[in-house]
Every structure is written in structure tokens, then in C-alpha cells.
Amino acid sequence: MNILSIQSHVVFGHAGNAAAVFPMQRLGVEVWPVHTVQFSNHTGYGAWTGRVFDGPAIEEIVEGIADRGVLGTCSGVLSGYMGSSDIGNAVLGAAHRVRIANSKALWCCDPVIGDVGRGIFVRPGIPEFLRDVAVPQADIVTPNHFELEYLTGGSARSAADLRRALATLHVMGPRIVLATSVLAEDTPADALDMIASTPEGAWRVRIPRLELNANGTGDMVAALFFVHVLRDGDVAGALGKAAASVHGVLQATLEAGTREIRLIAAQEEFVRPSHSFSVEALA
């Protein structure tokens, strides 16, 4: 399996491609990483060095890959944080080229917009670009709870509203939705929900809520879920596997007392998770 991963990158720590590439590789996937930015560290530190690449730079790299004649062997495209609309258009172009070369290839779009407590933290125009242009063209989207509500234009706390939001996203275009960090009305205070949905049904995993705010977690979740969906074609199974692995890595991070997720030290969690969680069908 080959996956083209177009995301930001940090040299120190784990966010963007630095959080997504290794978990996929540990699962036996060949990853072709294309960096939309290269920073010294993630922006959660408040200071960083590096630069943002533009859309033509991304297109140039993809063109070079196409010249090798390998796009037909690409199983999917994974995208994350988009720093500008021209990068977004480059990602759309890459997904289109891969799909032409391999009609079975899927595009998994992590629509990075914001988060509960922080609000929108991307540049102006990006939320609208994701909602109106990118998400409708994606096969899989992986919003957090805040992004789910933004994309679908309303609250998604009650069971009815949550089902409405998921259905709205499917109507917009994506066949598969993974909603992360969901705090619904019936979610216990010491837990978080992850919900996977297709037009045929939806499933929930409830995992312990850890007192931890780690950058790169969403990038890691999207990568793991995408690989398991591509490999097995089982959305509910992919949900359970991704949740187990992510919880194991975050638990190790909490126990170590580190700011960066223990991506390398806890790498066995990707192949042999130390926890498992039941996957329940949503009524």
C-alpha cells in the first residue's frame, strides 16, 4: 500500500506529517510525504522558525512523482492542515491526479479548522474553502467535534443533532466520516467519544478522557483510521483499532509527563494495542 500524505511538518516533535507518517509506516505502509510547511516545532510552543510552501511548490513535487509513473500504485491521499487556499487547490489537484491514475484510490481529508475552547485558528478563508470546496470532494473526512459543528452549521450535542450532522456531511459528499473528541450530551465527564459513520450506519467508541492536551493527536488518528479503512474496508473495525492505538500512545505520553506525544517510544501500540474498546452501533 502506498499513501501520498500532504501535510505540514515539524523537525522537533510530532505534528502534521511528523505525527502521521511513522504510524502508517509502522503498519507496513509506504508513505510519500509532501510537506506544506516545514517548521522547527509545532506552533503550540508560541515560537518557531521555518517557512510555508506555496501551492506551486506542492504541485511541482506531485508532478515529479507522476513522472516516475507510480501514481497508479497510490492507494490514497491523506491531507491535513492547509495554510492557504492555493495549497488547498494543490491538494485537490493531487487527489484528482491520483484518482485518475487509480480509480480505487481514496482521499482522506482532515479538515483542520479549529477546536473547542480555541475556536477557529486557521487563516481567513480556509474554513470556507474546506467546507465549500474540499470536503464535498473528499471520500473520507475526520473532523473533531468543533469542526463537525462548523461544517454542518449547528450543534451536534444531542443524539438527534449528532445524527443530523453526520447525515449532512454525507450529503455534502464524503462517504465515510470519523468524528473525534466528541462530547455529546450522554458522554460521561471522564470520557470522550469517537464516532465513525457511513450512509449505512454509525458506530461509537468511548475511551477514557486523559488530562492531556497534545498536539498532533488528530493527525495521528486520521492516519491510523485511513490505513485501516483502506486495508480492511471495515469502518467499524477501523474505528476500534484507531481508538485503541491512540489511547495507548496518549496514555504513555501522560505517564511520561512529556509535551510531545510518545510516537516512537510507544510504537507497539500501533500494531499491538495494550487496550481495546467496544465498538457500539448508534441507534
Could you report the tightest heavy-atom contact between [X] and [Y], atom names first, then the distance?
X	Y	result
Ala244	Ser276	CB-CA, 4.4 Å
Cys74	Asn102	O-ND2, 2.9 Å
Ala156	Ala165	CB-CB, 4.0 Å
Gly114	Glu147	O-OE2, 3.1 Å
Trp32	Val70	CH2-O, 3.5 Å
Leu169	Pro143	CD1-CG, 4.2 Å

[X] [atom1] to [Y] [atom2] distance, which is reported to the nearest 0.5 Å:
X	Y	atom1	atom2	answer
Met194	Ser181	CE	OG	8.0 Å
Phe146	Thr180	CZ	OG1	13.0 Å
Leu148	Leu166	CG	CG	6.0 Å
Leu178	Cys108	CG	SG	8.0 Å
Asn89	Ile58	CG	CD1	12.0 Å
Ile207	Gln251	CD1	CD	11.0 Å

Is there a side-chain contact between [X] and [Y], using heavy atoms and a 4.5 Å cut-off?
X	Y	result
Leu151	Ile113	yes
Ile176	Phe225	yes
Ile87	Val52	yes
Arg163	Leu282	no
Val91	Cys109	no
Ser8	Phe39	no
Leu78	Leu4	no

Spell out, yes or no, whether [X] and [Y] are grouped together once hydrophobic residues are joined by side-chain heavy atoms under 4.5 Å, including indirect joins.
X	Y	answer
Ile6	Val227	no
Tyr150	Val182	yes
Val98	Leu230	no

Begin with the C-alpha distance, continue with both residues' side-chain angles, and end with the deciding distance and a verdict on side chain to side chain contact (heavy atoms under 4.5 Å, CB included) for His170 and Val177.
-> CA-CA 8 Å; His170 289 309; Val177 176; 3.6 Å; yes
Other residues, nucleotides, ligands: >12 heavy atoms within 6.0 Å of [X] [atom1]:
X	atom1	value
Asp67	CG	yes
Glu60	CD	no
Glu268	CD	yes

Give the intermediate values and the outcome of side chain to side chain contact (heavy atoms under 4.5 Å, CB included) for residues Arg99 and Val77.
-> CA-CA 9 Å; Arg99 283 162 161 169; Val77 177; over 6 Å; no
How would you list all residue pairs meeting ring pair (Phe, Tyr, Trp, His ring centres under 6.0 Å) that involve residues 249-283, not counting sequence neighbours?
-> His247-His275, His247-Phe277
Report yes or no: is the cationic atom of Arg259 (NZ for Lys, CZ for Arg) under 6.0 Å from the centre of the six-membered ring of Tyr45, at an angle within 45° of the ring normal?
-> yes
Considering only NZ, NE, NH1 and NH2 on the basic side and carboxylate oxygens on the acidic side, decide whether [X] and [Y] come within less than 4.0 Å.
X	Y	answer
Arg206	Asp186	yes
Arg204	Glu280	yes
Glu149	Arg157	no

With Val249 as reference, evaluate Glu269, Gln267, His14 under the side-chain contact (heavy atoms from CB on, under 4.5 Å) test and give the passing residue.
->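 Among Glu269, Gln267, His14, the one that satisfies the side-chain contact (heavy atoms from CB on, under 4.5 Å) with Val249 is Glu269.
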Asp110/Phe226 under side chain to side chain contact (heavy atoms under 4.5 Å, CB included): CA gap, chis, key distance, verdict = CA-CA 10 Å; Asp110 184 8; Phe226 190 33; over 6 Å; no
Please test Glu200 against Arg175 for salt bridge (charged side-chain N to carboxylate O under 4.0 Å, His left out), starting from the C-alpha separation and ending with a verdict.
-> CA-CA 10 Å; Glu200 292 74 40; Arg175 188 180 181 281; 2.7 Å; yes
Short side-chain donor-acceptor distance under 3.5 Å, Asn17 and Ser5 = yes
Any luck finding a side-chain donor-acceptor pair between His42 and Glu260 under 3.5 Å?
->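 Yes, Glu260 and His42 have a side-chain donor paired with an acceptor closer than 3.5 Å.
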Starting from the C-alpha separation in whole Å, work towards a yes-or-no answer on side chain to side chain contact (heavy atoms under 4.5 Å, CB included) for Phe53 and Gln38.
-> CA-CA 8 Å; Phe53 302 121; Gln38 179 153 284; 4.2 Å; yes
